[in-house]
Protein chains: 2
Amino acid sequence: MIYIAGMDDHADQIRKPRADAVRNRERVLEAAKTVFNAGGPEASLEAVAKRAGVGIGTLYRHFPTREDLYEAVYRREVEQLSELAEHLRSAKDPVDALRRWLRSAVEFVATKKGMSAALALTFQSSSELAAFSMDRLTKAIGSLLDRAVAAGQMRADISPEDLLRALIGMCYMHDQPGWQSSVLRMLDVFVDGLCIQTAAKAKVRSAKPAKPSAKRIR
Amino acid sequence: MIYIAGMDDHADQIRKPRADAVRNRERVLEAAKTVFNAGGPEASLEAVAKRAGVGIGTLYRHFPTREDLYEAVYRREVEQLSELAEHLRSAKDPVDALRRWLRSAVEFVATKKGMSAALALTFQSSSELAAFSMDRLTKAIGSLLDRAVAAGQMRADISPEDLLRALIGMCYMHDQPGWQSSVLRMLDVFVDGLCIQTAAKAKVRSAKPAKPSAKRIR
DNA sequence: CGAAGATACGGAGGCGCCCTCCGCTTAACA
DNA sequence: TGTTAAGCGGAGGGCGCCTCCGTATCTTCG
């Protein structure tokens with residue numbers, strides 16, 4: 001092996017990543033999100049590259065396999081959802097903040113229509129990804145839930161994990177027709193149920209009623 | 001348009017399907033089952049054709065799209081599971097028959113490792129398939145359950161749907177490590193719970209205990 | 001600022017798979 | 001046994017995957 005003078009000196013010195021590389025990576029992710037959501041997970045990677053305005057080689061350097069790309073797109077969206085929770089922490093009404101976040105989460109699932117199969121595959125090969133997202137989402141819910149509890153507006157015996165599990169369970173049926181409005185309705189009922197009952201609860205609900213006969217959690 | 005004499009006379013007369021066509025179709029299905037289970041759903045259709053010993057054209061005539069093939073393979077296996085229930089109906093011990101069938105179902109899920117993503121995709125585009133398999137499996141469970149109930153060996157307040165749902169729910173975690181033995185254990189406990197308690201229940205259980213501390217349903 | 005070197009870019013090209021098409025074969029029927 | 005519809009096989013055009021390397025661009029350092 002050849003020894004290069006000064007090698008060790010610079011071994012731990014990290015160079016600032018090139019600006020264009022960072023930019024291109026972001027572009028590809030954005031393009032992939034659009035293309036996959038529209039054309040399903042079978043969509044051509046060349047189409048993604050073209051949409052991102054980069055060469056196919058660039059795409060492959062950043063994401064050596066198709067799964068890598070799926071994973072990165074998904075991870076990014078989970079992070080965005082997590083950041084949304086950060087922002088919502090500064091909202092006035094804690095209960096409303098939680099409600100909004102939950103709705104965004106449902107929307108997130110909805111846009112994943114075509115990707116669900118791909119994600120199932122990816123989750124299988126990388127349980128680290130599953131752990132990461134569970135953790136991130138639990139923390140997001142937790143921060144919103146805690147605030148509502150601290151404000152005395154919600155019962156304290158529900159854990160973030162419980163709520164997340166309920167959310168996922170509800171969304172699990174997301175290939176039935178009309179699932180989305182059904183889930184939104186159930187979430188509203190759920191949040192109502194979480195709330196500590198006061199006179200203020202007579203507040204008007206914005207969601208349109210599904211069926212007049214729909215039972216109300218007491 | 002040209003009128004062909006006698007066209008109407010034979011319009012409803014159906015010719016017996018050619019023997020080779022039937023044989024080839026079956027061969028392709030068998031090959032597909034093997035190839036997909038081994039190589040995942042991405043496996044090449046040409047490999048399937050080669051393994052089946054037919055030309056690629058033949059494969060495509062029987063199954064115009066990849067999804068058609070997935071669906072047919074899956075359907076066939078559901079049917080086999082259903083037939084197994086038929087056979088088990090003539091077993092001596094109704095409870096044991098049910099237990100055996102449930103185990104076979106778990107095994108069935110286990111062999112679907114690589115296919116689960118593909119199936120998720122197929123289910124999405126063909127909810128008819130989902131309905132078909134739910135129906136078939138419910139009936140299979142029902143026939144076994146009924147017999148056990150009729151024999152006075154099981155409680156009567158559990159519907160086949162409940163049992164199927166429990167089974168599916170348990171298998172839902174089938175990408176965690178060690179899921180299979182866990183599910184088998186839970187099923188045993190479940191069946192025990194279904195049984196009407198008698199002294200005969202002291203019968204030895206064949207499954208090896210997982211943890212000495214495992215709680216028993218009372 | 002300019003040179004040097006590291007890093008990233010792009011896309012041509014080889015490869016393998018997808019799927020169609022059509023001339024040949026074979027089974028069913030009379 | 002002859003007729004004919006049904007089925008068979010696989011060549012071939014096309015497309016997407018992925019690698020490889022000459023070129024371009026960025027960072028660092030003097």
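In the text below, chain A, chain B and the rest are named by the order of the sequence lines, each starting its count at 1.
Across the protein-nucleic acid pair, A:Phe36 atom CZ and D:dG16 atom P stand 13 Å apart, rounded to whole Å. Computed from coordinates, the B:Leu59 CG to D:dA11 C1' distance equals 17 Å when rounded to whole Å. What separates CD of A:Glu67 from C1' of D:dC18 is a distance of 14 Å, to the nearest Å. One atom, CZ of A:Phe63, and another, P of C:dA8, lie 13 Å apart when rounded to the nearest Å. Separating the NZ atom of B:Lys50 from the P atom of C:dG16 is a distance of 11 Å, rounded to the nearest angstrom. For A:Asp68 and D:dC17, the CG to C1' distance is 15 Å, given to the nearest whole Å. We find that CZ of A:Arg23 is positioned 11 Å from C1' of C:dA8, with the value rounded to whole Å.
Dashed line: the shortest gap from a side-chain N or O of A:Thr58 to OP1 or OP2 of C:dA8 is not under 4.0 Å. Contact between the side-chain N/O atoms of A:Asn24 and the OP1/OP2 oxygens of C:dA8 is not found at any separation under 4.0 Å. OP1 or OP2 of C:dC9 sits under 4.0 Å from a side-chain N or O of A:His62.
A:Asp146 is linked by a salt bridge (Lys or Arg N to Asp or Glu O under 4.0 Å) to nothing, counting only residues two or more places apart in sequence or in another chain. Every residue two or more places apart in sequence or in another chain was checked for a salt bridge (Lys or Arg N to Asp or Glu O under 4.0 Å) with A:Glu83, and none qualifies. Residues passing the salt bridge (Lys or Arg N to Asp or Glu O under 4.0 Å) test with A:Asp68, sequence neighbours excluded: none.
Along DNA chain C, the nucleotide nearest to B:Ser44 and the one nearest to B:Lys16 differ in position, and the one closer to the 5' end is contacted by B:Ser44.
Side-chain contact between B:Tyr74 and B:Glu77 is absent, with no heavy-atom pair separated by less than 4.5 Å.
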Listed pairs under 3.5 Å, donor-acceptor, residues 43-64 of chain A side chains, sequence neighbours left out:
from: A:Ser44; atom 1: OG; to: A:Glu46; atom 2: N; distance (Å): 3.1
from: A:Ser44; atom 1: OG; to: A:Ala47; atom 2: N; distance (Å): 2.9

Can you list, pair by pair, the side-chain donor-acceptor contacts under 3.5 Å of residues 21-29 of chain A, counting residues two or more places apart and other chains?
from: A:Asn24; atom 1: ND2; to: A:Asp20; atom 2: O; distance (Å): 3.4
from: A:Glu26; atom 1: OE2; to: A:Arg76; atom 2: NE; distance (Å): 3.0
from: A:Glu26; atom 1: OE2; to: A:Arg76; atom 2: NH2; distance (Å): 3.1

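Taking only distance into account, the side chain of B:Arg15 meets the base of C:dA28 through a donor-acceptor pair shorter than 3.5 Å.
When distances are taken from the side chain of A:Ala21 to each of C:dA28, C:dA8, D:dC8, the shortest belongs to C:dA8.
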Checklist line | Steps toward side chain to side chain contact (heavy atoms under 4.5 Å, CB included) verdict (B:Leu184, B:Glu107) | finding: CA-CA 10 Å; B:Leu184 287 176; B:Glu107 219 160 278; over 6 Å; no
With 3.5 Å as the limit, what N/O pairs link the protein to nucleotides 19-23 of chain C?
from: C:dC19; atom 1: OP2; to: B:Tyr60; atom 2: OH; distance (Å): 2.9
from: C:dC19; atom 1: N4; to: B:Glu46; atom 2: OE2; distance (Å): 3.3

